[in-house]
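Source: prediction; values computed, not measured. Just so you know, these numbers use all the heavy atoms, side chains as well, and skip hydrogens, waters and symmetry mates.
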Amino acid sequence: MLVRFFAGAAEAAGTDSMEVNAADLDLAGLIHQLGAENEDLARVVARCSCLADGMRIEEGPLAGVTQLDVLPPLSLIHISEPTRPERIS
């Protein structure tokens, strides 16, 4: 699977992406594997949001997932439609 890192996660990983064999892992296992040799990455990824093939994931198996995006936690906040100011006549 392709794991893509954004913002602080990319800085901590030292790369924007890497290929990982995660067929037998769940999300927690992958996060543990990513952070096993990199304390900075473990600390950052623990606070990040993840998208598995474009869908938000918080836990669960990764079998069949081809791409995991590791994003800053605020990246997935829903922003409502802007309101239009009322016209003053």
Side-chain angles (χ1 to χ4, degrees):
M1 143 185 0
L2 176 65
V3 179
R4 298 189 313 165
F5 301 102
F6 295 86
E11 186 176 327
T15 184
D16 291 337
S17 65
M18 66 175 59
E19 286 287 334
V20 176
N21 182 2
D24 298 329
L25 295 175
D26 62 3
L27 184 59
L30 177 62
I31 289 171
H32 176 76
Q33 180 178 312
L34 292 173
E37 296 181 15
N38 184 334
E39 278 184 36
D40 290 337
L41 184 58
R43 182 180 44 80
V44 172
V45 170
R47 295 187 317 241
C48 287
S49 300
C50 295
L51 297 179
D53 291 333
M55 300 294 293
R56 185 172 184 180
I57 183 173
E58 294 182 12
E59 61 183 21
L62 297 173
V65 174
T66 59
Q67 180 173 293
L68 184 79
D69 295 332
V70 181
L71 305 159
L74 298 178
S75 297
L76 297 178
I77 291 177
H78 175 73
I79 300 173
S80 62
E81 290 288 322
T83 56
R84 295 182 184 204
E86 293 181 30
R87 280 200 158 156
I88 301 174
S89 302

Novice: Heavy atoms only: give me the nearest P72-A7 pair and the separation to one decimal.
Specialist: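 That would be CG-CB, 3.5 Å.
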Novice: Is there a chain of hydrophobic side chains (I, L, V, M, F, W, Y, each step under 4.5 Å between heavy atoms) that links L51 to L2?
Specialist: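 No.
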Novice: Among all residues two or more places apart in sequence or in another chain, which pass the side-chain contact (heavy atoms from CB on, under 4.5 Å) test with A10?
Specialist: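 So A10 forms a side-chain contact (heavy atoms from CB on, under 4.5 Å) with F5, D16.
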Novice: Which atom names give the shortest non-hydrogen contact between V70 and C50, and what distance separates them?
Specialist: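 For V70 versus C50, the nearest heavy atoms are CG2-SG, 4.4 Å.
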Novice: Filter on side chain to side chain donor-acceptor pair (under 3.5 Å), then keep only pairs touching residues 18-33, sequence neighbours left out; what's left?
Specialist: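 Applying side chain to side chain donor-acceptor pair (under 3.5 Å) to every pair that reaches into residues 18-33, excluding sequence neighbours, yields nothing.
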Novice: So, using salt bridge (Lys or Arg N to Asp or Glu O under 4.0 Å) as the criterion, who are the partners of D40 when residues are at least two apart?
Specialist: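 By the salt bridge (Lys or Arg N to Asp or Glu O under 4.0 Å) rule, D40 matches R43.
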Novice: Listed by chain and number, what are the side-chain contact (heavy atoms from CB on, under 4.5 Å) partners of A52, not counting sequence neighbours?
Specialist: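 Result, side-chain contact (heavy atoms from CB on, under 4.5 Å) vs A52: I57, V65, L68.
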Novice: Quick check on the hydrophobic clustering: are F6 and V45 connected, directly or via other members, by side-chain heavy-atom contacts under 4.5 Å?
Specialist: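 In one cluster: no.
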Novice: To check you understand the geometry: which heavy-atom pair defines the closest contact between C48 and L71, and what is its length?
Specialist: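 What the structure gives for the nearest pair is CB-O, 3.1 Å.
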Novice: Looking at residues at least two apart in the chain, or sitting in another chain, which of them share a salt bridge (Lys or Arg N to Asp or Glu O under 4.0 Å) with E37?
Specialist: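 Salt bridge (Lys or Arg N to Asp or Glu O under 4.0 Å) list for E37, sorted by chain: empty.
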Novice: Might you point out which heavy atoms bring L27 and E59 nearest each other, and give the distance in Å?
Specialist: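 So the minimum-distance heavy-atom pair works out to CD2-N, 4.0 Å.
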Novice: List the residues meeting side-chain hydrogen bond (donor to acceptor under 3.5 Å, both in side chains) with D53, not counting sequence neighbours, and say none if there are none.
Specialist: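 Counting only residues at least two positions away or on another chain, D53 forms a side-chain hydrogen bond (donor to acceptor under 3.5 Å, both in side chains) with T66.
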Novice: Among pairs that include at least one residue of residues 3-15, which meet salt bridge (Lys or Arg N to Asp or Glu O under 4.0 Å), considering only residues two or more places apart or in two chains?
Specialist: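 Output for this query lists R4-D69.
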